[in-house]
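Just so you know, these numbers use all the heavy atoms, side chains as well, and skip hydrogens, waters and symmetry mates.
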Amino acid sequence: MGSAPYPAGEWKGRARGGLQELACMRWKINKQKGGGGGGGGELVVGAEERRCRDPTYSQQQQQQDLSSSSSSRPTPLPSQPSLAPPAIYHEKQRRELCALHALNNVFQDGAAFSRDALQEIYQRLSPGTLVTPHKKSMLGNGNYDVNVIMAALQTRGFEAVWWDKRRDVSSIELSHVTGFILNVPSNLRWGPLRLPLKRQHWIGVREVGAVYYNLDSKLRGPQSIGSPEELRKFLRQQLRGKNCELLLVVSEQVEAQQAWRSDA
């Protein structure tokens, strides 16, 4: 004797209700431990099903479930700060003011010295005290000699130590030297044209951000020399040339203690 079928309307309603119940249930089937061949499973009721079935499932319990799931997520790593390259001050050639540019480049400060300050020092110095003078302009166009550089450094509490080229630069204690000023032969220019004539030219060299740079004002930009050992190679190469001189820029205290010498 078969069961009486449901009326069409009642069956339709039951089907809709069954699908709605399934829609709010989360099923997870795990294999039974030690179970036999029927492929039986274990029903694990999830949080979504408990919310649908149990009206007493509180909002606090829902938040606990959410917090437990979020705690399992990996903690994001803190962002690493980007290392920006150091700012390098490089004063470019103007007129014959290479001594001014070399000083400001060594001090990494465009306001360290001015043309008026160097011109005042030049006019104050007696011609009898000048050492190896170069041609100078009474109009203040530049081309100042070593005496002007030495006197200018003294106004800032520094000294210029003339380096004896007979000694190797390996005996310079680099950590006690603020910078270097070299006097080297350089080609004259007339606008973009390079003339077949040479004149002495001052260039500054110093360390910025653990790297030594050639800050020659005639360069388009700072030229990296590199490590302390590469700096020594650079200085040796420059000092091999004719008419090249080297000045060490050091503080008055370093000069008084001769601390710029590693063999002192």
Side-chain angles (χ1 to χ4, degrees), residues 90-91 93 96-109 112-113 118 121-122 125 129-136 142-186 198-208 210-219 222-264:
H90 180 232
E91 204 166 277
Q93 185 72 20
E96 294 182 338
L97 296 171
C98 56
L100 171 64
H101 305 319
L103 286 167
N104 287 343
N105 287 337
V106 164
F107 280 86
Q108 286 292 283
D109 182 4
F113 301 93
L118 296 191
I121 292 173
Y122 160 70
L125 290 174
T129 64
L130 296 176
V131 179
T132 60
H134 303 299
K135 180 181 177 183
K136 294 170 287 294
N143 201 15
Y144 299 109
D145 71 355
V146 67
N147 296 278
V148 176
I149 291 178
M150 294 174 68
L153 288 172
Q154 289 171 358
T155 64
R156 299 287 298 254
F158 285 82
E159 296 285 346
V161 178
W162 174 76
W163 180 254
D164 187 349
K165 292 192 293 184
R166 295 172 297 181
R167 304 176 60 188
D168 188 72
V169 294
S170 59
S171 59
I172 301 176
E173 183 56 58
L174 297 179
S175 61
H176 291 160
V177 179
T178 302
F180 304 87
I181 296 179
L182 291 104
N183 187 254
V184 298
S186 178
K198 290 184 180 292
R199 178 176 290 182
Q200 293 302 113
H201 175 61
W202 297 106
I203 66 175
V205 174
R206 74 157 292 158
E207 179 190 20
V208 180
V211 176
Y212 285 93
Y213 289 90
N214 178 2
L215 302 174
D216 185 351
S217 56
K218 289 188 176 181
L219 295 174
Q223 188 177 78
S224 174
I225 296 174
S227 65
E229 188 55 38
E230 290 171 318
L231 170 69
R232 297 184 196 276
K233 292 179 181 179
F234 172 82
L235 295 178
R236 289 188 189 104
Q237 182 181 5
Q238 295 294 324
L239 292 174
R240 288 193 194 105
K242 292 183 178 181
N243 301 323
C244 180
E245 301 295 337
L246 172 63
L247 301 177
L248 312 183
V249 179
V250 299
S251 67
E252 290 178 345
Q253 182 179 3
V254 168
E255 165 59 9
Q257 299 174 353
Q258 299 284 291
W260 50 268
R261 296 176 54 182
S262 60
D263 57 354

> Between Tyr212 and Leu235, is a side-chain contact (heavy atoms from CB on, under 4.5 Å) present by the stated rule, with each step listed?
Replying inline: CA-CA 11 Å; Tyr212 285 93; Leu235 295 178; over 6 Å; no

>> Would Val161 and Leu247 count as a side-chain contact (heavy atoms from CB on, under 4.5 Å) here? Give the steps.
In response: CA-CA 5 Å; Val161 178; Leu247 301 177; over 6 Å; no

> So Arg261 and Ile172, side-chain contact (heavy atoms from CB on, under 4.5 Å) or not? Walk me through it.
Replying inline: CA-CA 5 Å; Arg261 296 176 54 182; Ile172 301 176; over 6 Å; no

> Going through the checks in order, is the side-chain contact (heavy atoms from CB on, under 4.5 Å) test met by Arg206 and Leu215?
Replying inline: CA-CA 8 Å; Arg206 74 157 292 158; Leu215 302 174; 3.9 Å; yes

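For Gln154, the CD atom is densely surrounded, since the number of other residues' heavy atoms within 6.0 Å is greater than 12.
Between the NE2 atom in His90 and the CD atom in Gln108 there is a gap of 9.5 Å [rounded to 0.5 Å]. Between the CG atom in Leu103 and the CD1 atom in Ile181 there is a gap of 4.5 Å [rounded to 0.5 Å]. In this structure, CD1 in Ile225 is found 5.0 Å from CG in Asn214, a value given to the nearest 0.5 Å. Taken to the nearest 0.5 Å, the SG atom of Cys244 stands 6.0 Å off from the NZ atom of Lys165.
With hydrogens and angles disregarded, a donor-acceptor distance shorter than 3.5 Å links the side chain of Glu230 to the backbone of Ser227. Although no hydrogens or angles enter the test, the distance criterion places a donor-acceptor pair under 3.5 Å between the side chain of Arg156 and the main chain of Ala112. Without hydrogens or angle criteria, Lys218 side chain to Cys98 main chain gives no donor-acceptor distance under 3.5 Å. Ser262 places a side-chain N or O within donor-acceptor distance of the main-chain N or O of Ser171, the cut-off being under 3.5 Å. The backbone N or O of Asn243 sits less than 3.5 Å from a side-chain atom of Gln200, completing a donor-acceptor pair.
Taking every heavy atom of both residues into account, Ser217 and His101 meet most closely at CB-CB, 3.7 Å. Counting all heavy atoms, side chain and backbone alike, Val169 lies closest to Arg232 at O-NH1, 2.7 Å. Annotation for Pro228 and Leu174: closest pair CB-CD1, 3.6 Å, computed over non-hydrogen atoms. Nearest approach of Ala160 to Met150, heavy atoms of both residues: CB-CG, 3.9 Å. A pairwise comparison of heavy atoms in Tyr213 and Pro222 identifies CD2-CB, 4.1 Å as the closest pair. Taking every heavy atom of both residues into account, Thr178 and Val250 meet most closely at OG1-CA, 4.4 Å.
Looking at Glu245 and Leu182, their side chains never come closer than 4.5 Å, going by heavy atoms from C-beta outward. In this structure, Arg236 and Ser170 have side chains that are in contact, with non-hydrogen atoms separated by less than 4.5 Å. In this structure the side chain of Phe113 reaches within 4.5 angstrom of the side chain of Thr155, judged on heavy atoms. In this structure, Glu255 and Phe158 have side chains that are not in contact, with every pair of non-hydrogen atoms separated by 4.5 Å or more. Here the side chains of His201 and Gln93 are in contact, with some heavy-atom distance below 4.5 Å. Side-chain contact between Phe234 and Val205: present, with at least one pair of heavy atoms (C-beta onward) separated by less than 4.5 Å. Residues Trp163 and Leu239 are in side-chain contact: their nearest non-hydrogen atoms beyond the backbone lie under 4.5 Å apart. Looking only at side-chain heavy atoms (C-beta outward), Tyr144 and Leu97 come within less than 4.5 Å of each other.
Side-chain contact annotation: Glu91 with Asn104, donor-acceptor N/O pair under 3.5 Å present.
Checking Asn105, Val146, Asp216, Val184 one by one against Trp202, the side-chain contact (heavy atoms from CB on, under 4.5 Å) holds for a single residue, Val146. The one candidate from Ile203, Leu231, Val106 that meets the side-chain contact (heavy atoms from CB on, under 4.5 Å) condition with Phe180 is Leu231.
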